[in-house]
Amino acid sequence: MSGETVFDIFVVGGGINGCGIARDAVGRGYSVALAEMNDFASGTSSGATKLIHGGLRYLEYYEFRLVREALMEREILWAMAPHVIWPLRFVLPFQKGGVRPAWLIRLGLFLYDHLGGRKLLPATKTLDLRRDPAGRPLKPVFSKAFEYSDGWVDDARMVVLNARDAADRGATIMSRARVASARRENGLWSVTLIDQSTGKSRAFKARMLVNAAGPWVDQVLAGAFGRNNVHNVRLVQGSHIVVKKKFSDKRAYFFQNPDNRIIFAIPYENDFTLIGTTDRDYTDDPKNVKISEEEIAYLCNAASEYFAEPVRKDDIVWSYSAVRPLYDDGASKAQEATRDYVLKLDQRADEAPLLNVFGGKLTTYRRLAEHALEKIGEAIGARGGPWTAKSRLPGGDFDATAYPAEVDKLLKVFPFLEQGHAERLVRCYGTDAKEMLAGAKGSEDLGRHFGGSLYECEVRWLIGREWACSAEDVLWRRTKQGLFLTAGEAVELETYMADAVAR
């Protein structure tokens, strides 16, 4: 695309907020370009606890607006993407004399059930852990629990599906393109990008710039924009561990810790349990974030307070860590800092406007995008109206409760697939799985087998349709097959992809 083309909006950042804003904007008729310096969702947006949730614990900090908005979004997002989002029941064990009294928990769950327009998700109920299967993995001291509804999301896939839909609607979407500079000139933004693969630069012009760089939002302001003494976000590190399966129940657990923090233990990729998150302030460059020994010990010890069989470091098969860019509201503790988002419009007479996006969370990304489009409309003129609430993300064009039926449909067309393979493909790609497998009569038609349930036809799809460039993109973001491939198989995939991408 020529540098002479003037876009209406140039978005910096390919996480959930950036991709969500780009999708909403191009769907309203704006011309849009987006640049992500690495892979989509390679930062905060793939390092979450992967929940579509109201944020039960945020009620303690009186975040009622945020919680209500998030609760309302749960079923909207589930309907938008029933392949990568699905309901999940949470078991909250209660112990007399524990961190929070029963009346407070009941009040919070009552608000949770009634604040946000719940229609399909079942209501809260009380469990007798001495009789309910949810009590089996827990220590016998826990005899009572509350069970409530929230949702699960494949976070990285939700991001790339937003990017894909934006591109399908006409947006120019670029990964591995770093913003080297952005300056106001003659009423427009002049943006210079560096291709991270070739080192070549490209020039773009836009009427408005949206800075949605997540943890790097202040760095973008300080570096590309030349701003000094920038401090808008509080960086909070959240780390997770994945361990061998701790329980067979399909429900997740919500554990309260004596320090007032909470962790979740969640069924993960059929064979594992995901435990997290931590909350601690972070001061280094976000690209260097990794789980610490202290965090590993914290998560193991906290989960072991509840599980009859302790969680040990040796149980860990994978861990991940990310930095959440929370708007700095001056809260004294990392876990108390607001999870709400803040949009700041920088608009000066006769100069191109800038919108900075601070904070946010997966659950509220669609509403954040709508609010961003209101600001964009104020700055450069409104186009269209809100449209995403009734939309579908690619592959999500089936009923919210029809996932099992979609798996059956795929198996009827491709009966050679193993049940688990078909389930994973529908979870990742929804109705697009049929297009990916088109023409295959047997497993030999899927191409080279890389390990786990990953075949060449899927890798080719990810390269051609979802901007995947490396084994890491495929194994840990587009899929979680990294949990099932050996180190040698991962190297073979990297070699294959290097050759395939270069062609």
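For this chain, numbers begin at 1 and follow the sequence in order. Given the structure is predicted, the values throughout are model-derived calculations rather than measurements.
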Can you pull the side-chain hydrogen bond (donor to acceptor under 3.5 Å, both in side chains) pairs that have at least one residue in residues 407-418, sequence neighbours excluded?
-> E406-K409
Set of residues satisfying side-chain contact (heavy atoms from CB on, under 4.5 Å) with respect to A123, sequence neighbours excluded = D113, R118
Applying side-chain contact (heavy atoms from CB on, under 4.5 Å), name anything that partners S45, two or more places apart in sequence or on another chain.
-> I16, A41, V159
side-chain hydrogen bond (donor to acceptor under 3.5 Å, both in side chains) pairs, two or more places apart, involving residues 98-110 = E60-R100, R100-Q256
Can you name the salt bridge (charged side-chain N to carboxylate O under 4.0 Å, His left out) partners of R251, sequence neighbours left out?
-> D132, E147, D249
R367: salt bridge (charged side-chain N to carboxylate O under 4.0 Å, His left out) partners, not counting sequence neighbours = E69, E370
Pi-cation contact, Y320 with K50 (under 6.0 Å, within 45°) | yes
Between Y253 and A134 the two heavy atoms that sit nearest each other are OH-O, 2.6 Å
Is any side-chain N of the basic residue among D168 and R23 closer than 4.0 Å to the acidic one's carboxylate O?
-> no
Option among R261, R324, R234 that satisfies the salt bridge (Lys or Arg N to Asp or Glu O under 4.0 Å) test with D279 | R324
Non-neighbouring partners of K434 that pass salt bridge (charged side-chain N to carboxylate O under 4.0 Å, His left out), sequence neighbours left out = none
Residues two or more places apart in sequence or in another chain: which of them pass ring-ring contact (aromatic ring centres under 6.0 Å, His included) with W387?
-> none
Residue list, ring-ring contact (aromatic ring centres under 6.0 Å, His included) with F484, at least two apart or on another chain = F272
Exactly one candidate in E294, R280, E295 meets side-chain hydrogen bond (donor to acceptor under 3.5 Å, both in side chains) with S239; the answer is E295
W467: partners by ring-ring contact (aromatic ring centres under 6.0 Å, His included), with sequence neighbours left out = F40
Between D128 and R131, is there a side-chain N and carboxylate O pair less than 4.0 Å apart?
-> yes
Residues that F90 engages under ring-ring contact (aromatic ring centres under 6.0 Å, His included), provided they are two or more places apart = Y148, F264
For D150, check salt bridge (charged side-chain N to carboxylate O under 4.0 Å, His left out) against everything at least two apart and list the hits.
-> R74
Between Y341 and Y365, is the ring centre distance below 6.0 Å?
-> no
